[in-house]
Amino acid sequence: MPLESSVARNTRLRSQHVKMRSIANSLLPLIVALLIADCNASLPRRNQNQNRTMSAGKAFKVLVTHPEVPQEGIDLLKENCEIIQVQSVPTNRAELLEKIRGVDGVLWGGHQPLNAEALDAAGPQLKSISTMSAGIDYVDVPEVKRRKIPLGHTPTVLNTAVADLAVGLLIAASRRFHEGRKKIDNDQWENYHLNWLLGQDIRDSTVGFYGFGGIGQAIAKRLSGFDIDKVLYTTRRRVHKEIEEEFNAKKVDFDTLLAESDFIVIASPLTKDTQGVFNATAFNKMKQTAVLINIARGKIVNQDDLYEALKSNRIFSAGLDVTDPEPLSPTDKLLTLDNAVVLPHIGSATKRTRADMSTIAAHNVLRGLAGEPMLSPAY
Ligand SMILES: O=CC(=O)O
C-alpha cells in the first residue's frame with residue numbers, strides 16, 4: 001500500500017480535528033443543559049434538607065441587584081431562596097447598599113461597581129456572588145477573593161450573540177453602512193459615480209484578533225464562511241494547536257498583528273495590561289486600509305487617538321459596540337465621523353442569551369450557597 005503523503009496526512013488530520021470540534025460545538029448546548037439539569041436535580045434536595053433543619057422559611061436570602069433580570073434565573077433562585085430585588089433602574093446605589101445587608105447570595109445583574117463598599121454593606125455571612133456578564137472589570141476581584149467569597153460570571157452563553165454582532169459591525173464598517181445612510185439622509189445619493197462608497201473586501205483578507213478566547217473563536221468560525229485568507233492572534237498564552245489548525249490561525253506579537261491585519265477585532269478582557277493599548281502609536285502601525293472592530297471594552301482603545309486616526313483616514317474605519325465612557329454623550333465627536341459605526345453595547349442583547357445568562361448566574365449563586373463549584377467560576 002503506498003505511504004500516505006505528509007500533505008494528505010495533514011489534510012486528513014485537519015479535517016478530523018474540524019469534525020471533532022464541530023461535534024463538540026454542537027454538543028455544547030446539550031452539555032450546558034445537562035449541567036443545568038444536574039443542578040436542578042441536586043440543589044433542591046440539598047436545600048430542602050437544609051430547610052427542614054431550619055424548620056421554617058427558605059434556606060437563603062439572595063439579593064438580585066436589577067429588576068429586569070430574566071424570570072428564568074429568578075424562578076430557579078425562588079425554589080430555594082427568599083429573593084430581595086433592587087427596583088430602581090438605573091440602579092440606585094443607596095437602595096442596593098440597603099438591600100444587600102445580611103444576604104447570603106447576590107445575583108449582580110448590572111455593571112455597577114462590586115467593591116469593598118458593597119461587600120462591607122452585605123456583611124460577613126455573604127457566601128456566593130455571580131455577575132450576569134462575561135467581563136468583570138467592574139468587580140474588585142482581589143477584594144472578593146480576599147474575603148474567600150466564590151464569584152461566578154456568565155461567559156460562553158453569550159459567545160454566539162456577541163460574535164454575530166461583531167460580524168455585523170465588521171461588514172458595516174468595511175462597507176460604509178453609516179456613511180451611506182447619512183448620504184441618503186442628506187440627499188447626496190450619487191451612485192452615478194462608479195467609485196462611490198467603495199469599501200474593503202473581506203475575502204482574501206487577514207483578520208487579526210486581539211484576544212482569541214471563546215468570543216474571538218466564535219467570530220473566526222463565522223468569518224470562515226467569508227473566504228478570508230488567514231487569522232492572526234495576539235494573546236498572552238498560545239491557544240491549543242487544534243484550534244490554530246481549525247482556523248488557520250497563527251500567534252503573533254502585537255506589532256505584527258497591527259502591521260499585517262486588514263481587520264483587527266478586539267476580543268480581550270479589559271485589564272491593567274490591555275487598557276489603552278490601541279493608541280496613536282498602535283494606529284500608526286496599522287494599514288491605512290485597516291478596519292478596527294471592538295466588541296470587548298471601550299477602555300482598551302484610547303478613544304481620542306482613535307478619533308484622530310479615523311478623522312485623518314490614518315485607518316479606514318471602525319465598528320464599535322463599546323465606548324469610553326458608556327453611555328456615550330450624543331454630542332461626542334466620535335459620532336460626527338462618517339467612518340465610525342457605533343452601537344450602544346448590545347453584543348449580548350438577545351432574548352435567549354439574556355435568559356441563558358440569568359440561568360447560569362442563578363446556578364452559580366445556588367452552587368456557591370451549597371458549597372459546590374460554580375458552573376462558571378470567575379477565579
Ligand atoms: O459586555 C458584556 C459582558 O461582559 O457580558
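Read the numbers this way: they start at 1 and go in the same order the structure lists the ligands and their atoms.
Taking the ring centroids of Tyr210 and Tyr233, they lie at or beyond the 6.0 Å cut-off. The aromatic ring centroids of Phe254 and Phe278 lie less than 6.0 Å from each other.
Checked for salt-bridge contact, Glu260 and Lys287 miss the test: no charged N lies under 4.0 Å from a carboxylate O. In summary, Arg101 and Asp120 do not engage in a salt bridge, as defined by a charged side-chain N under 4.0 Å from a carboxylate O.
In terms of protein heavy-atom proximity, atom 4 (O) of ligand 1 is nearest to Gly135 N, 2.7 Å. Atom 3 (C) of ligand 1 has as its closest protein heavy atom Ala134 N, 3.4 Å. Given atom 2 (C) of ligand 1, the protein heavy atom at minimum distance is His345 NE2, 3.6 Å.
Counting atoms of ligand 1 from 1 in the listed order, those under 4.0 Å from a heavy atom of Leu158 are 5 (O). Ligand-side atoms of ligand 1 in range of Ser133: 3 (C), 4 (O), 5 (O), range being under 4.0 angstrom from any heavy atom.
Heavy-atom separations between Arg297 and ligand 1 include at least one value shorter than 4.0 Å.
Using cut-offs of 30° and 60° on the angle between ring planes, the pair Phe247 and Phe212 is perpendicular.
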